[in-house]
Each structure stands twice: as C-alpha cells, then as structure tokens.
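Remarks on the structure that follows.
Owing to the predicted nature of the structure, the values given are computational and were not obtained by experimental measurement. Heavy atoms only: backbone and side chains are in, while hydrogens, waters and symmetry mates are out.
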Amino acid sequence: MKKRKLMTLEIFTILLFLIFMIPFFLIFINSAKPTLEIIVDPLAWPQNFGQFLENVQYILTSPSVNYVSSFMSSVIITVVSVAVIILVSSMAAWVLVRAETKLANVIFMIFVAAMIVPFQVVMFPLISWFHRIESTLGLLNTPFRLLQNYPGIILAYLGFGLPLSIFLFHGFIKGVPLELEEAAIIDGCSKVGVFFRIIFPILKPITVTVMILNGIWIWNDYLLPLLMLGMTGNVQTLPLAVANFVSSFVRRWDLILTSTIMAMLPIVIVFLFLQKHIIKGMVEGSVKG
C-alpha cells in the first residue's frame, strides 16, 4: 500500500513537471523555426536547428538589443544587490536574535510584516522619494544620479530584499549555539570577528538559499528596472532589452523567442547547479527556527 502511494505521488510529480515544461519546450522549438512556420504550426518540430544559432548570432551583434551591455548590467546589478542583501540581512538577523529584547522582537516583526506589502503599493512613493533625494543632493544632471543608474536600483533592491532575507537568516541563527560565540569572545575575538569568523561560515546553507532566491528575482525583474532605469536609459537590464527588442521586431517571433531564451538561460544554469542548497538551507532554517 505504501509503495502504491509512493508510485502515485511520483507519477503525479512527473506529470506536473511535464505540464510546467510545456511553455519552455514551445519556446525552444519555435526559436529554431522561421516566423512563417511558427504561425502555421507552432507545435511542429523544427527542420533545422541551425536557425537558432543564426538567431543567437544576430541578437549578439544587433544594436537594437545590445545584449552584451545589457547582460553585463544585469550581472552587476544582480551580483552587487545580492551581496549587499546577504551582508546586511545576515548581520541584522544575528543582532536581532542575540539581543533578546522586546525592541528586537518588534523590529523583527516589522520586517516580517513588510513581506506582505505589495510592491505596487510603494512604487510611486519610491520613485518620488528618489527624485526628492536627487533634487536635494543636486544629482539630477550628474552621472551619479540615483535614478537611471546602478546605485539607486541596488539601494531599492536592498530595501525590498531585506524582509525575506532577514526572516530566513533569523530562523537559521536561532539554532546556532551561543556557546560558540562566548568561547570566541573569551579567546579575545571582537564582535565583528565573532560574526565573520564564527557565525557567517556556519550560515553557508541559508546564505546560498538567500542568494538564489534574491538572484532569480532580481535577474528576472522587469517592473522596478522599468520605473527606475527607463526603456531608453544608459543602464539596461536584460528584461528591458528584450522588451525593447520585441517592440522593434514585433513580427519576428523566432528572434523574439531566441532573445527570451538567452535572457533566462544564465539564471537557469545557476539555479540548476545550486538548487540542492536551496532545499537544504530552507529545511535546516525551518527546523532550527
């Protein structure tokens, strides 16, 4: 009876996987077909996969998508934002756990409550706030302006990424024995040394989880870069570049689908290599919390 239930669950999981993979399968096979074949029969298998390589070469060299520059911008924004989120949220969570005061509990609950606030509620006040800061600091006509440049969007991602990251780190750190820190302090280690030499290495599983969750979100995000960077700004992420490309080649579905694959492929590869750490970190965090 138990084996039958397990087999049923496995079959259901496989069917669910196939259902979720259908859109990716359609994107892949249609990216290797001319537009006319896509319109006539989108479910047909492509006759020549060389079309896909030609599309890739065209997109890499096309000034309308500027793939290389957009790719580097996405890498910079994602890597720096994730690094700052991990550093700030891990230190904040450690302090909140070890403080054991009512104020620390209130601050933690504020971060938890911030997780349920939709981005759409705060997006216009956010942009207005950035404009006000730029006006106050005189950054409107300088290359260091917060809007349409790296510092502003990284700061915005830090604000939106902290609540969930602190929540995950908080649950994990609660299971770290306090005796490890006390022993390090007795040996003459400073508070900063205790965190970076003792605590932070222990946080590796949950750190990888936070890194992947925030990395996927930031890499694929479209709305926040659209509001802050604009469609014609100097800094363009890959989702914005693909959107511009779609508006330029609205009838070339083969190029549009190829550009979509090229935009999502890097983060998919990273996720496949690190997915086991996501499950490990979340399970350990929930058990220890």
Side-chain angles (χ1 to χ4, degrees), residues 77-119 121-123 125-126 129-130 132-133 136 146 150-218 221 224 274 276-289:
I77 292 173
T78 303
V79 171
V80 176
S81 299
V82 170
V84 174
I85 289 172
I86 289 175
L87 181 62
V88 174
S89 60
S90 60
M91 290 191 296
W94 179 56
V95 172
L96 292 175
V97 170
R98 297 309 185 209
E100 296 183 349
T101 62
K102 291 183 178 180
L103 179 60
N105 291 331
V106 170
I107 294 175
F108 175 68
M109 293 308 299
I110 291 175
F111 278 112
V112 173
M115 294 169 55
I116 64 175
V117 178
F119 169 71
V121 174
V122 298
M123 61 181 182
L126 174 71
W129 180 72
F130 272 107
R132 189 171 302 175
I133 292 180
T136 304
L146 294 176
Y150 293 117
I153 193 168
I154 291 173
L155 181 61
Y157 278 130
L158 173 63
F160 288 112
L162 279 181
L164 177 60
S165 302
I166 289 177
F167 176 77
L168 294 174
F169 276 118
H170 191 278
F172 194 94
I173 293 174
K174 286 169 66 177
V176 177
L178 182 60
E179 290 77 9
L180 294 176
E181 302 174 31
E182 293 174 343
I185 292 175
I186 292 174
D187 290 339
C189 192
S190 63
K191 282 286 185 180
V192 176
V194 168
F195 177 77
F196 284 105
R197 295 181 181 180
I198 307 298
I199 300 300
F200 196 70
I202 298 176
L203 301 180
K204 180 182 176 181
I206 195 65
T207 298
V208 176
T209 301
V210 171
M211 178 182 68
I212 295 300
L213 293 178
N214 285 287
I216 293 175
W217 158 55
I218 294 173
D221 189 29
L224 184 58
L274 300 177
K276 63 179 181 180
H277 295 285
I278 299 178
I279 306 301
K280 181 180 178 181
M282 295 190 74
V283 169
E284 291 189 13
S286 61
V287 172
K288 293 183 179 182

Open item on the list: Filter on salt bridge (charged side-chain N to carboxylate O under 4.0 Å, His left out), then keep only pairs touching residues 90-99, sequence neighbours left out; what's left?
Closed with: Arg98-Glu181

Open item on the list: With a 4.5 Å cut-off on side-chain heavy atoms, are Phe196 and Leu87 touching?
Closed with: yes

Task: Any side-chain heavy-atom pair of Leu180 and Ile202 under 4.5 Å - done: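 Yes. Closest side-chain heavy atoms under 4.5 Å.
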
Which heavy atom of [X] sits nearest a heavy atom of [Y], and at what distance?
X      : Y      : answer
Ile85  : Ser165 : CG2-OG, 3.2 Å
Cys189 : Gly193 : SG-C, 3.3 Å
Leu224 : Asp221 : CB-OD2, 3.1 Å
Ser90  : Leu203 : CB-CD1, 4.2 Å

- [ ] Can you spot which of Val79, Val80, Leu213, Thr78 makes a side chain to side chain contact (heavy atoms under 4.5 Å, CB included) with Ile218?
- [x]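 With Ile218 as partner, side chain to side chain contact (heavy atoms under 4.5 Å, CB included) holds for just one option, Thr78.
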
Open item on the list: Which residues pass the ring pair (Phe, Tyr, Trp, His ring centres under 6.0 Å) test with Phe119, not counting sequence neighbours?
Closed with: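 Ring pair (Phe, Tyr, Trp, His ring centres under 6.0 Å) list for Phe119, sorted by chain: Phe160.
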
Task: Those residues that, when tested against Phe195, pass ring pair (Phe, Tyr, Trp, His ring centres under 6.0 Å) (two or more places apart) - done: Trp94, Phe200

Roughly how far apart are [X] [atom1] and [Y] [atom2], rounded to 0.5 Å?
X      : Y      : atom1 : atom2 : answer
Ile206 : His170 : CD1   : NE2   : 13.0 Å
Glu182 : Ile198 : CD    : CD1   : 12.5 Å
Leu164 : Phe169 : CG    : CZ    : 10.5 Å
Thr207 : Met211 : OG1   : CE    : 8.5 Å
Leu162 : Asn214 : CG    : CG    : 9.0 Å

- [ ] Check step by step if side-chain contact (heavy atoms from CB on, under 4.5 Å) holds for Thr209 and Phe172.
- [x] CA-CA 11 Å; Thr209 301; Phe172 194 94; over 6 Å; no

Tabulate below the donor-acceptor pairs under 3.5 Å that side-chain atoms of residues 99-118 make, not counting sequence neighbours, or state none.
| from | atom 1 | to | atom 2 | distance (Å) |
| --- | --- | --- | --- | --- |
| Thr101 | OG1 | Ala104 | N | 3.2 |
| Asn105 | ND2 | Thr101 | O | 3.4 |

TODO: Can you sort out the partners of Pro201 under side-chain contact (heavy atoms from CB on, under 4.5 Å), two or more places apart, ordered by chain and number?
DONE: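 Once residues adjacent in sequence are excluded, Pro201 has no partner under the side-chain contact (heavy atoms from CB on, under 4.5 Å) criterion.
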
- [ ] Return the set of residues passing side-chain contact (heavy atoms from CB on, under 4.5 Å) with Ala92 (not counting sequence neighbours), or none when no residue passes.
- [x] Ile166

